[in-house]
Number of protein chains: 2
Amino acid sequence: MAKDTKPRRPRAETPKGFRDYFGAEVAERKAMLDTICKVYERYGFDPLETSAVETLDALGKYLPDVDRPNAGVFGWQEEDGDWLALRYDLTAPLARVAAQYRNELPTPYRRYAMGPVWRNEKPGPGRFRQFYQCDADTVGAASVAADAEICAMLADALEAVGIERGDYIVRVNNRKVLNGVMEVAGILDPADPDRFEHERGIVLRAIDKLDRLGPKGVRALLGEGREDESGDFTKGAGLSDEQAEVVMGFVEANEHVRAQLLQHSRQSTGLGVEAFKDIAKASEGGVVEPAASRFDAQSHEAWNDFVLERLGQLVKSSDMGKEGVRELREIANLCYQQGYFADRIRIDPSVVRGLGYYTGPVFEAELTFEILDEKGRPRQFGSVAGGGRYDGLVERFTGQKVPATGVSIGVDRLLAALRAKGRAGGALQGPVIVTVMDRDRMAAYQAMVGRLRAADIRAEVYLGNPRNFGNQLKYADKRGAPIAIIQGSDEAARGVVQIKDLVLGAQIAASASLEEWKSQPAQVEVPEADLVAEVRRILDRNGG
Amino acid sequence: MAKDTKPRRPRAETPKGFRDYFGAEVAERKAMLDTICKVYERYGFDPLETSAVETLDALGKYLPDVDRPNAGVFGWQEEDGDWLALRYDLTAPLARVAAQYRNELPTPYRRYAMGPVWRNEKPGPGRFRQFYQCDADTVGAASVAADAEICAMLADALEAVGIERGDYIVRVNNRKVLNGVMEVAGILDPADPDRFEHERGIVLRAIDKLDRLGPKGVRALLGEGREDESGDFTKGAGLSDEQAEVVMGFVEANEHVRAQLLQHSRQSTGLGVEAFKDIAKASEGGVVEPAASRFDAQSHEAWNDFVLERLGQLVKSSDMGKEGVRELREIANLCYQQGYFADRIRIDPSVVRGLGYYTGPVFEAELTFEILDEKGRPRQFGSVAGGGRYDGLVERFTGQKVPATGVSIGVDRLLAALRAKGRAGGALQGPVIVTVMDRDRMAAYQAMVGRLRAADIRAEVYLGNPRNFGNQLKYADKRGAPIAIIQGSDEAARGVVQIKDLVLGAQIAASASLEEWKSQPAQVEVPEADLVAEVRRILDRNGG
């Protein structure tokens with residue numbers, strides 16, 4: 001309590017790259033996460049909440065997004081010399097927990113986690129330095145049944161929050177297949193896995209950019225390199241033509257399968273055929289995209305058979321590649337047996353996922369409906385979740401490989417999708433406002449809201465300066481209040497209240513004739529005893 | 001993707017002073033916060049979620065707990081030179097928001113916020129550097145009706161989460177009354193409010209320690225100072241005997257009122273009298289604590305009348321003091337009119353609250369039931385929430401006073417209280433475990449859990465190594481699974497499944513005779529088609 005010198009005023013500003021969430025924004029996100037929670041729990045996953053802070057040591061250098069080398073963490077040094085930092089994702093803390101409590105936790109350990117993560121990046125439009133993630137992972141299960149389960153759970157979660165079947169696809173690939181292709185191309189030597197790591201990094205990132213750069217752009221990056229429109233040159237992986245052709249076979253596997261399906265559809269009949277025809281249409285835009293809702297068991301099998309056959313050709317004699325194809329076949333079969341056909345979960349060689357730490361199956365959930373971009377052009381909504389198998393993260397701590405697989409939902413992206421679809425729930429109706437006509441009767445007004453609240457109706461007394469009644473109605477408007485209650489001394493003496501239906505009032509104000517306006521049907525007088533019943537009646541009428 | 005030199009292994013450790021929350025701990029807290037949310041929303045409060053990070057500038061030096069000068073924030077410097085820090089409470093970010101969005105937000109602005117806050121303190125047993133707060137505040141309402149509303153809402157919230165009426169008291173005081181007493185004692189000069197600030201700080205902290213030090217200890221701190229048992233000397237405020245007596249009149253106001261009530265109870269009859277008698281009993285321990293449940297309207301009025309009369313005598317001619325008493329009378333009346341009697345919300349001069357920034361009414365919710373302390377001695381559970389009016393926080397940013405009042409619930413303390421009472425909700429039942437007898441039939445097992453989940457039953461397939469069946473049952477036990485499903489190739493061929501009731505099984509194992517054990521009533525065989533119905537029947541029987 002030392003005497004302060006007069007300080008300059010601090011600026012009231014959200015720090016750069018951070019943001020504040022108000023009312024409905026908070027409620028909608030909470031409703032969505034609560035729904036996802038329930039799905040995760042139904043699948044046997046337990047919640048885990050670690051603190052926001054980890055030792056920098058434990059977080060390690062597993063930052064995702066290798067394309068953004070500037071991405072970093074918020075860290076600081078403790079007085080005792082230790083470095084602490086804010087978590088940048090929910091996977092690194094899980095790896096730490098799995099190692100720390102390995103003797104107490106069940107094996108396998110299924111856990112979900114939801115919460116903010118922090119990235120020390122240059123803030124940009126729509127890119128924030130704190131954002132929510134919502135993860136589910138299974139630690140200690142080597143079987144790809146764990147991967148298939150995660151994919152099915154992801155599909156269920158998307159449908160539970162309001163993404164309709166046909167509006168999303170969970171695409172599944174396997175890093176081992178890609179590694180098999182790399183082995184065939186001569187840039188992966190199973191006997192010396194670190195060799196060519198630099199080249200493989202470039203290849204991985206190039207493939208991940210297929211939808212942006214197209215096959216030609218990817219091909220350039222596999223070879224000498226690529227000059228973009230601005231004249232900037234990106235150095236390539238330096239593969240020979242023969243090597244590059246092997247990789248391009250993988251990149252264009254979807255195109256190859258499409259051609260086979262088209263031929264197949266000319267020779268057969270049945271429901272699935274319609275899907276194949278759609279594939280042909282959609283592929284004109286370069287994207288393989290059947291009208292998902294027409295997939296059935298038959299077309300599911302045909303699709304996966306063709307894809308897996310093609311991948312088998314590509315990995316040739318690579319043991320790792322063949323194992324990857326076998327795993328994908330098992331995942332496809334597990335999904336099929338549970339009724340998740342290729343309209344929902346689909347083997348797709350185009351999924352790569354940038355993250356270096358994946359070691360097996362990788363998956364990505366994409367929303368296929370169209371929205372308008374900032375220039376008003378239609379585009380697919382795109383990815384809202386992704387994940388895969390990572391068997392090395394826990395090993396960092398213990399020295400022992402622990403199989404793990406999981407998914408992370410991009411909370412803000414999924415919420416944006418729900419809003420675009422008009423499916424964001426949890427909206428909070430404005431409160432019933434009891435206005436203050438007579439400051440001395442505050443206790444009576446408080447008793448009124450008390451009665452309303454006891455009937456589970458959201459209600460409040462106007463607590464600003466009551467002198468200007470117009471301000472009270474303006475306040476009610478700003479709060480989205482459905483009803484205003486008015487009781488002056490005259491009404492109090494007669495034991496009645498005025499109930500003003502603000503929803504109906506707004507409709508009348510917008511469209512009513514003078515006659516209707518005068519008859520004021522939006523305002524009724526009722527005995528005080530009927531307050532709650534009448535408010536309830538109006539709320540029900542207005543669909544509240 | 002540069003080649004790493006082999007790094008040493010990081011330690012898998014939660015950073016010092018932080019902790020991890022598993023399963024039920026997360027679920028219980030979430031259930032409690034969700035319930036409190038609903039109460040806040042019913043009162044018209046809207047959610048607000050600011051980011052964890054603020055500029056150090058915006059946070060300011062309003063750290064609570066003046067007794068712990070080491071208390072600090074976690075902060076770091078940005079590349080551009082700005083200092084950022086983790087929020088240490090939810091009030092400082094609210095003040096920033098109220099200033100930043102003052103033209104867009106409704107006035108008054110009622111908001112609630114829940115989330116973690118961080119304190120850079122020396123970690124100690126049970127003291128963590130990240131913990132949850134749950135706040136509700138009204139910004140822009142000068143009327144004490146806003147304070148009364150917060151007190152009523154706090155009482156409702158406590159009852160909603162499971163604290164029974166009679167097990168808590170919301171105590172209300174007014175900083176202005178205390179200031180009036182200070183004015184009378186000559187250590188507050190309304191014309192020069194900064195004068196004697198140091199002395200007032202000591203007085204405030206001394207009064208706040210009444211229940212620890214007793215009246216004698218407080219008296220010593222008002223004068224020269226006090227030596228504790230260890231021989232450490234704390235310097236006092238240096239008041240003269242006359243000055244100290246004025247302050248002690250305030251400190252012992254409760255004792256004074258108690259004496260009056262006892263006398264009153266001898267002269268009158270009625271329900272309230274029982275409460276007064278209880279006061280006499282409880283006061284033997286030096287604490288005024290009537291059996292709260294016996295308070296009624298009559299005793300409420302008597303209690304408050306005596307307290308307010310006594311406070312009026314103490315503040316004498318101080319204008320600020322008289323205003324404080326008037327405000328308390330209004331709060332008492334508003335509570336009374338809404339049916340919150342002194343068993344739930346009570347004017348109580350012993351509430352001071354350490355925080356320097358309070359400017360008017362202050363309140364504290366105390367749980368009055370007893371628990372055993374670490375040495376097995378019974379003690380009252382104590383404070384779980386507190387707050388008050390602070391009209392200066394927004395002014396820091398804008399230069400204009402903005403009235404504000406609010407409350408903060410100590411989430412971990414309240415949760416501990418609910419656990420002590422066996423009222424913590426939200427517990428998650430373990431999943432039904434489908435065991436794996438035959439690895440090749442994984443898809444069939446997955447289909448079984450699919451059917452269970454579709455019926456909203458929490459279920460999972462065992463995904464560990466299935467070779468050792470005992471491990472599968474151990475896993476089921478660790479997960480708290482109520483039921484295990486078993487289907488080997490024999491059962492599969494006959495189209496049946498074995499359903500093992502693990503709850504009943506555990507009971508039988510604990511108490512059954514050999515005969516009962518042999519008859520194995522805890523395991524039944526049913527046709528596959530009846531799987532869901534039979535599982536549901538067992539769960540219902542076991543109260544799941």
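Atom set for the values below is all heavy atoms of this structure, side chains included, hydrogens, waters and symmetry mates excluded. Since the model is a prediction, treat every value here as computed from it, not as a measurement. Naming: A, B, ... by sequence-line order, numbering from 1 per chain.
Look at A:E78 and B:K16 and you find no salt bridge, because none of the NZ, NE, NH1 or NH2 atoms lies under 4.0 Å from a carboxylate O. A salt bridge links B:D46 with A:R458: the distance from a Lys NZ or Arg NE/NH1/NH2 to an Asp or Glu carboxylate oxygen falls below 4.0 Å. Using a cut-off of 4.0 Å between Lys/Arg side-chain N and Asp/Glu carboxylate O, B:K30 and A:D34 are scored as salt-bridged.
When the candidates A:A27, A:P116, A:A145 are compared by the number of heavy-atom contacts under 4.5 Å with chain B, A:A145 comes out ahead. Among A:V39, A:T50, A:L48, the residue making the largest number of heavy-atom pairs under 4.5 Å with chain B is A:L48. Of the listed residues A:S51, A:P431, A:A141, the one with more heavy-atom pairs under 4.5 angstrom with chain B than any other is A:S51. Ranked by heavy-atom pairs under 4.5 Å with chain B, the first of A:A146, A:A447, A:A459, A:G115 is A:A459. Put simply, of B:G399, B:A152, B:G75, the one with the most heavy-atom pairs under 4.5 Å next to chain A is B:G399. Contact count versus chain A (heavy atoms, under 4.5 Å) is highest, among B:V449, B:D456, B:L452, for B:D456. Among A:R453, A:E460, A:R439, A:Q130, the residue with the largest count of heavy-atom pairs under 4.5 Å with chain B is A:R453. Contact tally against chain A (heavy-atom pairs below 4.5 Å) for B:Q337, B:Q77, B:Q338, B:R111: the top residue is B:Q338. Per-residue counts of heavy-atom pairs under 4.5 Å with chain B were compared for A:V394, A:T138, A:T398, A:T55; the largest is that of A:T398. The residue among B:P106, B:A24, B:A99 with the most heavy atom pairs within less than 4.5 Å of chain A is B:P106. Per-residue counts of heavy-atom pairs under 4.5 Å with chain A were compared for B:Y462, B:Y43, B:F128; the largest is that of B:Y43.
Looking only at side-chain heavy atoms (C-beta outward), A:W118 and B:V53 come within less than 4.5 Å of each other. Two residues are said to be in side-chain contact when any heavy atoms from C-beta on lie closer than 4.5 Å; B:P15 and A:D82 fail this criterion.
For a residue to count as touching a neighbouring chain, one of its non-hydrogen atoms must lie under 4.5 Å from one of that chain's; by this rule B:D80 touches chain A with the side chain only. Contact annotation for B:R110: only side-chain heavy atoms (C-beta onward) come within less than 4.5 Å of a heavy atom of chain A. A:Y132 touches chain B through its side chain: at least one heavy atom from C-beta onward sits under 4.5 Å away, while N, CA, C and O do not. Heavy-atom distances place the side chain of B:Y109, and not its backbone, under 4.5 Å from chain A. Heavy atoms closer than 4.5 Å to chain B are found in both the backbone and the side chain of A:A52. Looking at B:R129, only its side chain comes within 4.5 Å of chain A, counting heavy atoms on both sides. Only the side chain of A:Y475 has a heavy atom closer than 4.5 Å to any heavy atom of chain B. Using a 4.5 Å cut-off between heavy atoms, A:Q446 contacts chain B through both its backbone and its side chain. Heavy atoms closer than 4.5 Å to chain B are found in the side chain of A:R29, but not in its backbone. Heavy atoms closer than 4.5 Å to chain A are found in the side chain of B:E149, but not in its backbone. Residue B:L84 touches chain A through its side chain alone, counting heavy-atom pairs closer than 4.5 Å. Contacts of A:K474 with chain B are absent, with no heavy-atom separation under 4.5 Å from either backbone or side chain. Proximity to chain B (any heavy atom under 4.5 Å) is restricted, for A:R11, to the backbone atoms N, CA, C and O. Only the backbone of B:T107 comes within contact range of chain A, with heavy atoms under 4.5 Å apart. Looking at B:L463, the atoms closer than 4.5 Å to chain A (heavy atoms on both sides) sit in the backbone and in the side chain alike. Contacts between A:Y101 and chain B at a heavy-atom distance below 4.5 Å involve the side chain alone, from C-beta outward. Only the backbone of A:I457 has a heavy atom closer than 4.5 Å to any heavy atom of chain B.
Put simply, CD on A:E395 and CZ on B:R9 are 8.5 Å apart, with the number rounded to the nearest 0.5 Å. In this structure, CZ on B:F397 lies 10.5 Å from CD on A:E13, to the nearest 0.5 angstrom. Note: B:Q429 CD to A:E41 CD = 12.0 Å, rounded to the nearest 0.5 Å. A:E49 CD to B:R19 CZ: the interatomic distance, rounded to the nearest 0.5 Å, is 10.0 Å.
Side-chain polar atoms of A:T14 and B:Q100 form a donor-acceptor pair below 3.5 angstrom.
Residue A:K38 qualifies as open at atom NZ: its count of foreign heavy atoms under 6.0 Å is 12 or below. For A:K478, the NZ atom sits in a packed shell: over 12 heavy atoms of surrounding residues, nucleotides or ligands are nearer than 6.0 Å. The 12-atom threshold is exceeded at CD of A:E104, counting heavy atoms of other residues, nucleotides or ligands nearer than 6.0 Å.
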Inset, instruction - Starting from the C-alpha separation in whole Å, work towards a yes-or-no answer on side-chain contact (heavy atoms from CB on, under 4.5 Å) for A:N120 and B:W76. - result: CA-CA 12 Å; A:N120 192 357; B:W76 61 88; 5.6 Å; no
